[in-house]
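The shown structure was predicted, so the numbers you read here are calculated from the model rather than taken from an experiment.
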There are 2 protein chains.
Amino acid sequence: MSGGERRRPPTIHDVAREAGVSRGTVSRFLNGGHNVSPAAADAVRAAIRRTGYVVNRHARSLITGRSDSVAFLLTEPQEKLFEDPNFNVLLRGCTQALAAHDIPLLLMIAGTPAERRRVIRYVTAGHVDGVLLVSSHTGDPVAEHLLGTGIPVVASGKPIDRQGRTARLAHVAADDRAGAREMVRHLVSTGRRTIATVAGPPDTPGGVERLAGWREVLVEAGLPAGDELVAHGDYSRGSGERATAELLDRVPDLDAVFVASDLMARGALAALERAGRRVPRDVAVGGFDDSPAAVSGLPELTTIRQPWDRISSEMVRVLLALIGGEEPSAVVLPTELVVRESA
Amino acid sequence: MSGGERRRPPTIHDVAREAGVSRGTVSRFLNGGHNVSPAAADAVRAAIRRTGYVVNRHARSLITGRSDSVAFLLTEPQEKLFEDPNFNVLLRGCTQALAAHDIPLLLMIAGTPAERRRVIRYVTAGHVDGVLLVSSHTGDPVAEHLLGTGIPVVASGKPIDRQGRTARLAHVAADDRAGAREMVRHLVSTGRRTIATVAGPPDTPGGVERLAGWREVLVEAGLPAGDELVAHGDYSRGSGERATAELLDRVPDLDAVFVASDLMARGALAALERAGRRVPRDVAVGGFDDSPAAVSGLPELTTIRQPWDRISSEMVRVLLALIGGEEPSAVVLPTELVVRESA
DNA sequence: CTGAAAGCGCTTACAG
DNA sequence: CTGAAAGCGCTTACAG
């Protein structure tokens, strides 16, 4: 039982001989079965089973010009990947959605300039058929370069328009503004009156849209929505803690905080605890994402669920459509309020 | 500035014509430059720059039989990927170590039987040159199958020998036992006398070795090391909380807990807080991993650092050596005690 | 050190 | 519906 010798794998030629047909017929069978008689198809099927034939993707790609693979490209600084659980959920979802089409996912990281160059060279050389682009910040140099090459790209999150260049980028995103509105409405409906917010970075769609949703609802409700109620974080836990401490300083009588991500909300809880405020009794905290961080400690977070499963499957669907020649499209997915303990 | 038309990319033929040499010479230049005169090399270099030539990997692979790509294969149930930050660190490290060799990493998940079949078919078809295998549990059906095919495989973590089949699996691991010993010695040296442990699953190397290290040091120190001081978790946060509550029930006067992972240690801290024990004053808590979970809350964890950067780079090094025809090897890397607040 | 040639395994018009 | 043939872009003995 050595198993160590790897003999030459069967080729289409072996299958053709075994099935008593030509190689062209085998190939046609493999590529949809058009113009193959039922009898020939049966013979080929049996021959494939007997020989254990598996297509040589390199030979196929050489002639079709397609690679039948897709890149999952991360352009955030690397630490993000580890602090933000959303990346993981997206990565798993995309891997599995692609696997269903038998398309492997190539993970690429372009955090440094050297990595960026390498990735651009690789992608523009046609080594992948398309790119799933994950970066929340605008003005991404890789994104802009890729757009110029004509290679199919789908971004996660709505790209911020910068001189009109990223406007035609296909993307899939949750409805940030509607989600923020729903959370703030929830806070208002439970009697909160001084509702501050820890917003995300102003160069990210989440940073802009969730803040806008917060403001809209407060204005509609006739509640204060001034800038003293706004502090910014960078989606990290620590930044949520700092921003919340700042808010407590400025507005000691706040009775709720809408935090633009669950991870930052974890930091907000720490700041509130340190300040002796009980959650939710003294201060209600609403998060965003419904990431693992939402339930990684106590109290469990009331939050807005982003439909990550659907986001990843839609990204894959849109990318495959682009590769198939369709026009770029934008998909906006609804969010959902999840009420737990913190608000 | 349309950029959308993707013209036929330059081939080796274009480069040869441009450089005034034959295609064979260009190819030799590309593959190490042996038997290429300095003058010819210069001409080819210039021609490559002018034409923007990038090798067509499919054509190359078709003839070399290598794919110049590697799979990162996750055989844990998928949730693990998201709860355990170590996977992420490993994934990033491997991606970047491979990128330095211009080898793309294919992410594959084999959690369900259907996914397992797909992955095995893909890998054994020769679509990757080797596999980085990440699974902490023994008796992994994919691992056993892969071993039989002769494809190069490197595992992360020491595989538990099961009927001698996985013994010859190349692997890279931290020194679990030595790390556990160091942590328990630290607890003893700071005056702790009733030191319980939350161990990992007994079918994982970490579950076995860290428990053994705990016991060895206590026996050497003449301290209690009975089974009532041992509870098991599954590396998840919740399991650490449950196991610690169980320990507090059985041994109310314990003054330290060595927890076999940081994530479980976070759960342990929650259980201790709920029981009204202060950390580290009443009970010291030592973790393992030095993962992001170690500093994701308060108190920050005293823990054992696994050298993830080196683990990933060694995994890649060993895999490339295997692909190059060398024999399987095992690498054991030292750990390091990191003292923070919890012990 | 160099070129001409064979061939890797597949797909796709083309002619029947 | 089917087969024979060309050709995708590259590497590698081979002969010089």
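Between the side chain of A:S27 and the backbone N or O of A:R23 there is no donor-acceptor pair closer than 3.5 Å. Remark: side-chain polar atoms of B:S67 are paired, donor with acceptor, to backbone N or O of B:H127 under 3.5 angstrom. Proximity of a side-chain donor or acceptor of B:R118 to a complementary backbone N or O of A:A99 within less than 3.5 Å is detected. Looking only at distances, no side-chain donor or acceptor of A:H13 sits under 3.5 Å from a matching main-chain atom of A:T11. Here the side chain of A:E18 pairs no donor or acceptor atom with the backbone of A:D14 at under 3.5 angstrom.
Of the candidate nucleotides C:dC8, D:dC8, D:dT11, D:dC8 has the atom lying nearest to any side-chain atom of A:L62. For A:Y53, whose side chain is taken as the heavy atoms from C-beta onward, the closest listed nucleotide among D:dC10, C:dC10, D:dT2 is C:dC10.
Contact annotation: B:N31 reaches the phosphate of D:dT11 (side-chain N/O to OP1 or OP2, under 4.0 Å). An OP1 or OP2 oxygen of C:dC1 is reached within less than 4.0 angstrom by a side-chain nitrogen or oxygen of B:N35. Within the structure, every side-chain polar atom (N or O) of A:T64 is placed at least 4.0 Å from both OP1 and OP2 of D:dC8.
Rounded to an integer number of Å, the gap from B:D14 CG to D:dC8 P is 11 Å. A:H13 has its NE2 atom 10 Å from the P atom of C:dC8, to the nearest Å. Rounded to whole angstrom, the span from the CZ atom of A:R17 across to the P atom of D:dT2 amounts to 19 Å. Regarding A:R57, its CZ atom lies at a distance of 14 Å from the C1' atom of C:dC10, rounded to whole Å. The separation between B:R66 atom CZ and C:dG9 atom C1' is 17 Å, rounded to whole Å. Residue A:H127 contributes atom NE2, which lies 14 Å from atom C1' of D:dC8 at whole-angstrom precision. Atom CZ of B:R60 and atom C1' of D:dC10 are 8 Å apart (whole Å). Taking atom NE2 on A:H58 and atom C1' on D:dC10, their separation rounds to 13 Å, with Å as the unit.
Nucleic acid contact class of A:F29 (heavy atoms, under 4.0 Å, all strands): none. Across all strands, A:S27 comes closer than 4.0 Å to base atoms (heavy-atom distances).
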Short N/O separations, protein against nucleotides 3-7 of chain C, under 3.5 angstrom:
{"from": "C:dG3", "atom 1": "OP2", "to": "B:S22", "atom 2": "N", "distance (Å)": "3.0"}
{"from": "C:dG3", "atom 1": "OP2", "to": "B:S22", "atom 2": "OG", "distance (Å)": "3.1"}
{"from": "C:dG3", "atom 1": "OP2", "to": "B:T25", "atom 2": "OG1", "distance (Å)": "2.7"}
{"from": "C:dG3", "atom 1": "N7", "to": "B:R28", "atom 2": "NH2", "distance (Å)": "2.8"}
{"from": "C:dG3", "atom 1": "O6", "to": "B:R28", "atom 2": "NH2", "distance (Å)": "2.8"}

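Under the Watson-Crick or G-U wobble criterion, with both distances below 3.5 Å, C:dC14 is paired with D:dG3.
D:dA13 and D:dG9 have their P atoms separated by 23 Å, with the value rounded to a whole Å.
Ion pair A:E314/A:R317 flagged as a salt bridge, since at least one NZ, NE, NH1 or NH2 atom sits closer than 4.0 Å to an Asp/Glu carboxylate oxygen.
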Side chain to side chain contact (heavy atoms under 4.5 Å, CB included) between A:E115 and B:Q96, worked out: CA-CA 9 Å; A:E115 287 173 343; B:Q96 296 185 315; 2.6 Å; yes
